[in-house]
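For reference, the structure is listed below as structure tokens.
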Amino acid sequence: MTLLDGLWAASALTALVAAAFGRHPAAGSWLTVLYGLQFLVVAMMGGLSEGADPVPASVSFVVLGYGLAWQFSALSWFFAVITAGAALAAAWFVSGAWGRAYAARGGDLRLLQLALALNPLAMYVLLASTDFLSLFVGWELVSWSSFLLMLSGGGVGVRWALRYLVYAIGGAMAVMAAMAQAHALTGSFGFGALAAAVPELSAASLWMLVILLAAGFGVKMGLLPFHLWQAGAYAETPGPGAAFLGAISSRMGLYAMLLTLFGGLGLGTLQALHIPFTPLEAHELLAWIAAFTMVLPTFTALRQNDARWLLAWHGIGQGGYMLLGVAMGDALASAGGMMHVFNHATYQAALFMAVTAVVYRTGTADLNRLGGLVTRMPLTFLVLLIGIIGLAGLPPMNGFVSKWLIYRALIDEGQPLLFVAAVIGTLGTIVSVYKLLHNIFLGRLRVEHESVREVPWSMLTPMLALAAVVFVTGLAPGPVLDWVAAVQRELGFAVLVPTLGGVDRPDGGLDMLWVVGIMLAGFGVGALIFLAGGRARTVHQLDNYAGGHFLSAEVRYHYSDNFYAGLMHRIGSWYRGSFQWLQDALVSATDFLAQGAAGVYRAVQPVTWLLGVTVLALWWAW
Amino acid sequence: MSLPPLEIVLYAGAVSLLIIGLAGLVMSEHLVRLVLALGVAEAGGNLLLVLTGFRQGAVAPILLGAAPSGPMVDPIPQALVLTAIVIGVGVQALALALVLRVRRAYGTVHMSALRARLVEDLDEAAGLPPEGSREAPGVERPV
Amino acid sequence: MPELILELVLMPLVAFVAGLGMLLMMRKIAAKIQRRVGPPFLQPLYDVVKFFGKQTQISHGLIHDVGIIVAVGGYIAAETLIPVPGMDGIAGRTDVIVLIYFLMVPSLGMALAAGQCANPNASIGISRALTAMLAYDIPFVIVIFGMSWIYGTTNLVQMVEYQQVHGWGLFQAPLLAFAGLFALQGMLGKQPFEIYVAPAEIATGPMVEMGGKYLGSLVVMQSFSLYTAGILYTTLFLGGGVTWIDFLLKAYLVVAIPMAIAFQFPRYRAEQMLGVLWKWPVLAGLLGLALVMLT
Amino acid sequence: MTADAVTLAVALPLLAGFLSPALGRSSRTAAQWLGWAALAASAAVLWSVWVRLDGGTAAVAVGGFRPPLGIAFYLDGMALLFALAVPVVTLLFWPRAGTPQQFALTLVLAAAATGLALSGDIFNLYVFYELTAVASFGLVAAHEARRAQAAALRYLLLSAAGSVLLLAGIAVVYLRTGTLNLAHLATLAPERLQDPVGLAAFALMLLGLGVKAELFPVNGWVPEVYSSVSGRLAGLLAGLVSKLAVLVVVRALVLVFPRPEAAELMLVLGTLGIVVGELAAWRARDLRRQFAFSSIGQLGIVFVAFSVPGPAGIVAGLAVALHHLLTKPALFLLAERWGGAIEGLRGAGRGQWLASTLFILFALSLVGVPPLPGFWAKLLTVMSLMEQGTGPARAGAVVVMAATVVEAAYLFRTLGVLLARESGAESPQPHRGPDLATASLAGLILVGSVFALRPLGDGLKALAAQAVDVDGYVRTVLGGPGMAVSHPASQAPGGAGGGARVAHVPPEIAS
């Protein structure tokens, strides 16, 4: 029995326990232990990131003459460690008070636990793919298990889950087409055979493969224009589920792209594939799609009034950074893109959990119905603060490191427009996440939230742990970059050699140890200066300047709605909802065609069709 | 394929009967006419089948003692067409029986009226409101 | 190592003193334009001391305090990221990208502090400040990209060295220098882009609930920000400095330009500010970039 | 038991069918048991023949006339598989609440369907086809609601028109070749039928058979009939009868009309059928019609898959057809109690967990979720189409995949309604035990086949290799080892004295 078998067994056991005892209050802790076990098994495979041989699974099948086998490599391991960590954190979050409250509110806790357990299992299967067939099998399993997780909450979530399903099946069909095409071209499902056949393939075949694979996996990643399902589907999933999905689920698309497009076809192929009548190559096309994915969803997030939706939209936008980095393909950029997967998982899970904690205490995620909670939930505030600094990509958190790598690479590569797009995405994120933080935690505390308390430790522990990871990997990104370097080596990218603090290069490197150190020292000096002043007296929030008015609890003295009025005055009219329009148009077109199709069966005398088609067929026969 | 003029006439007649019958099935409104049109079409089909064995100037392939001199027509199609005619008659009888029962149940012998009533019945059986101008699927669109 | 620590202590100190000087210069220029005498030489220092020494110090909670500390401390730390004559600090270990994101941390601190005040006027001020950031940073990053491309490095120390060999960036990319100056106007929050500070109306803006050492810290922060903007522009376009004299001269000159422009203008609304800053400096920047990259 | 015993598989149900009304006069239970016994015996005969043949092929010359003169049964894996499916599926979908007359019709349907699977003579195929048709008209019309009679009449008119076309097609074939034996035709076809006239004959036969096989656009009866009759009968017609018609088309395509144009015609009509069927299902407002339209779409996929030349197409087509044979009838059984408006089913699935689970399982398999069999069937179809690489084939593959998206959308939309938290105005009655049992059996087979994918795949490949082996067919039927002559004594139905409508059949078999 190999470690991969052990991982699958542990994960399957978790799912079984969840299915059998998920409803039981004590099951949460046991499940958390089992998730911990999964994490441990993944950790035991850590040698993969140091160049150890791949870990195969001892099961394999032959179906219809096609072999199905699985193994873990450095790439798999990198994604698996994130998956295991996110699953552990999410399960820990559910295990205590949150799960009980969820069940008490009428939620189906067993279904949630089961769905939560099936997702990592499906992902471990997907991550162990060795060829197109096993990839597709795993891909479908992942799609359907996340569908189950989205459904588990019921209510509005079901509608979004169904929308997701349509997109997911569409994506899967594109993948299936690519897979059948690859098989037709090479006679095998293997990536190696495809890579070997690339020189003989025509540009048209290559383009077809690239487009089908990018579109198919892009659906899962929420790449433009296939992104419309993601925000709603993730946001309406029950909190910890959303944390897990938001952290890692859509990154499976990136994994599959890395495996097929960059590992299979090869980066060199993408760089040599020229788009007619333009100066662009295929990898730049991907980079531009990524750039639009960074910018547009981020600014959609800016307009959200629901904290969960805001985060989910940012999740789509951050996916763009990952693809941008990988598509640019040099050592820095690809390292940045892949490291961003890790970083995003850590802070996004923490953020979703913090928001869920707020919902747990206040019952709403509506950004216009909250405010001032920092005095009541200071630790949750801390987690959210660290999370948004990570999300916005500011020092000293880990999000900054991955984004810095991408910016630096874009300057190296001489891509000013992509660079500006990346920065615009970041600026939009900063603007948007401040609104998130402000509307929940700052400003005026509402009367009905006077009695709100900090959430229990069963919820705080995973949140704080994730926040600590966000900070520590920001302070010392070296280890994560080492994992990434192993992936780069496996996929044939140029390899980035990291230092503990980041990247050492004379023409502008990054040493986060110094950056963070100097920042903390600065804060210390700032604190000394601050304390040198007179002793301050803390006043009640109603003791405030109000232009001569006397404030009372009844007076709503808080600014939240239309937070960026001036900005929206300028760019508000740029929100056209074009993609929504496109989607609606597609649905309407389908509906229109369906009316026509149903009309075939409204004929008074169906023999008409018989006669008609006979005449046509005879005419055609001649 | 060059056929003698007589055979051309005969084949044309068979095919015409078939087409007339099918056209009648498309264009008729009265249920009995539809059944009759079916009969015409079947007659055309049968004629076509029996013609496949036809040879001009040939005699019936009845062997009594010595074989007749000269060509004989192919006996197989004749056997086949006998079967086909029987089947056709059976089906037409069934059709007429159904017409009677339909008339008793719906009080109409007109196809368009019958079709409309049938759709109403189907919708009613499914518990659906009649499909009118409301051109929308029964449930919310999935996307 | 002790040398480095000395640098790390000296760089913020110099910045503080020079920044206070810039504050004084700003008020003098304003006075000259408005035909007033203006404050005495040590007035900025007096102000800071007075604010810190006030007896009534009103805090609106822990984050109010922490935010102010982050705002001041962030700038203190940032000063060590830009090379000055004779001192590189940790500029060699980081680069200009780190610097521009580092500079957002103090702003975030101020935003936190203002948000905690539970006064919608402060929140409105922050919303406008962040909008302004979105406005001026887009042309600014175009400039950063262009200069990094020209110098072939993002390391500020190497940028200075390059200019000392090949001539100032100002002459190599005048359009980018213009765009940078334009963005600087917004970055400093000076008229016509001063809606978020709105010093004329005390009731609107991040400062509405600030008093005593809180306001004093913000004054310190402003002096740092003037100095940082000045030396950053100097480093990017004016070849840095060989000696402190020409370095500070250039920095003061750079800061004086926006000041001189500022006090002759009324104020743009937030959306107008976006329109202006997204149009002219971005156009100039992109044009400059095209010239630089295509030739 | 020798191979020629297979005539019993046709004869026994037919005999029982004629006895059933008479017996039913005194005891309905006895008639029912007689029917069951006949079907079981038929299945046993077919099974023993299959076991005995052990992957080989055989021909049975009924009545002692050597082919090509007499009429022949041809036994290979594909024929026996479908023939065996007939009594088994008929037993499962037996009209339990029916009258002895219905039993009789069901038995006749089974006998004719078995004959359809086995027959190696195209006129004989026509006869069995007509017999199947008449039996199904009767079964549809036997449903008590008046809508069933109207639907049956409309079905009859369309089907009879199709039969006329089939007959015309057969006439053309006979005109060009002078033979009706499929093996003989296979030898003559390359020189006599490879022209527009031959193609026209195939088109006529395809459209004629297409009425039963739910081929677009001659399937106007499908939604009307399936939503008028009981779920059991709908399952039988959609699951079994349609497949046998497809089987006949495939035989004709492989043996007599191996021309790319013929396959292309099938491909085009199949593709259109997928589009129209799935889209109409998307708009359907009640579950029965949704399944009926979905069945049209699925049959479209079957046609598209079979249109690929060579064993790859046969394997894919068989996989899709068998998968549909397993799932769609079971779904019709579930629609028995959930047949009303979809919107009215809100929350109906909660509390009926077995039925809901089965629905989910079948839906997942229909959509093609690995590792369920539906996925492999779909994968084989898409791959064989892509492998073929022609424009229409690629378009067919794209349509198959696009239809999957539509299918997933409506199936899971329905599922979402069924499992909604809030419940509808009135909750439907719970499912009947036998319905659920049959559906569960289908579900078990479906899940079980996941664990037997390898043997199943190998088996299908062997079947397909046999099915495309035209030389083998000709050798088996026209001469060489494996040919057998059946005993005239076994032709019992002649003396059974059944109804007048079917009285002509026994002499035909015995001739």
Side-chain angles (χ1 to χ4, degrees), chain B residues 1 14-15 18 21-22 25 31 34-35 38 41-42 44-46 48-53 74 76-77 79-80 82-84 86-88 90-95 97-99 101-102 104-106 111 114-115 117-119 121-129 131 137-143, chain D residues 123 126-127 130-131 133-134 137-138 141 145-147 149-154 156-157 159-161 163-165 167-168 170-172 174-175 178 180 197 223-224 227-228 282-289 339-344 409-410 412-414 416-417 500-504 507-508 511:
Chain B
M1 189 161 66
V15 171
L18 203 115
L22 286 178
L25 272 174
L31 292 181
L34 283 168
V35 176
L38 185 62
E42 275 176 0
N46 291 342
L48 198 62
L49 191 57
V50 83
L51 271 176
T52 59
D74 188 349
I76 294 180
L80 297 182
L82 213 57
T83 317
V86 175
I87 292 175
V91 169
Q92 281 170 45
L94 183 60
L98 280 174
V99 169
R101 289 184 66 173
V102 163
R104 214 170 295 150
Y106 283 92
M111 194 42 133
L114 179 66
R115 146 92 201 162
R117 302 283 301 275
L118 174 62
V119 169
D121 263 15
L122 291 177
D123 283 346
E124 198 192 321
L128 287 170
E131 192 167 355
V139 288
E140 221 172 313
R141 291 172 180 171
V143 285
Chain D
F123 192 77
Y126 168 76
V127 173
E130 281 295 289
L131 192 51
V134 170
F137 304 151
R146 63 174 187 177
R147 61 176 189 276
Q149 274 131 42
L153 178 62
R154 286 168 58 76
L156 185 148
L157 288 173
S159 181
S163 299
V164 172
L165 289 187
L167 194 61
I170 291 174
V172 174
Y174 188 79
L175 184 66
L180 293 166
V197 179
E224 291 170 8
S227 51
S228 303
W282 194 61
R283 269 185 71 84
R285 297 188 295 165
D286 67 287
L287 205 52
R288 282 217 184 92
R289 264 180 280 186
I342 292 171
E343 199 49 32
Y410 67 74
F412 283 85
R413 177 181 61 188
T414 306
V417 173
R501 278 200 305 281
V502 287
H504 59 276
E508 191 53 43
S511 73

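Letters go in sequence order (proteins before strands), and every chain restarts at 1. No hydrogens, no waters, no symmetry mates; every other heavy atom, side chains included, goes into these values.
- The part of L22(B) that comes within reach of chain D is its side chain, from C-beta onward, which places non-hydrogen atoms under 4.5 angstrom from that chain.
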*In sequence, state the C-alpha distance, the side-chain angles, and the governing distance for F123(D) and L49(B), and then conclude on side-chain contact (heavy atoms from CB on, under 4.5 Å).*
CA-CA 11 Å; F123(D) 192 77; L49(B) 191 57; 3.9 Å; yes

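- Scanning both residues, A168(D) and L18(B), for their nearest heavy atoms gives CB-CD1, 4.4 Å.
- Remark: D123(B) CG to R289(D) CZ distance equals 4.5 Å, nearest 0.5 Å.
- Both the backbone and the side chain of R147(D) come within contact range of chain B, with heavy atoms under 4.5 Å apart.
- Residue L287(D): no heavy atom, backbone or side chain, is found under 4.5 Å from chain B.
- Heavy atoms closer than 4.5 Å to chain D are found in the side chain of L31(B), but not in its backbone.
- Among L114(B), N46(B), D121(B), V99(B), the residue with the largest count of heavy-atom pairs under 4.5 Å with chain D is D121(B).
- The two residues A95(B) and L156(D) have their closest heavy-atom pair at CB-CD2, 3.5 Å.
- Of all the listed residues (V15(B), V50(B), L122(B)), the one sharing the greatest number of non-hydrogen pairs under 4.5 Å with chain D is L122(B).
- Of all the heavy atoms in A161(D) and L38(B), the pair that sits closest is N-CD1, 3.9 Å.
- Residue R104(B): no heavy atom, backbone or side chain, is found under 4.5 Å from chain D.
- Looking at Y126(D), only its side chain comes within 4.5 Å of chain B, counting heavy atoms on both sides.
- Residues T52(B) and A171(D) come closest through the heavy atom pair CG2-O, 3.3 Å.
- The choice from Q92(B), E124(B), M111(B) that makes the most heavy-atom pairs within less than 4.5 Å of chain D is M111(B).
- At a 4.5 Å heavy-atom cutoff, the contact between L25(B) and chain D is made by side-chain atoms alone.
- Nearest heavy atom pair, residue A160(D) against residue E42(B), reads CB-OE2, 4.4 Å.
- Listed here is the closest heavy atom pair of W282(D) and R413(D): O-NH2, 2.6 Å.
- The contact between L48(B) and chain D is made by backbone and side chain atoms together, counting heavy-atom distances below 4.5 Å.
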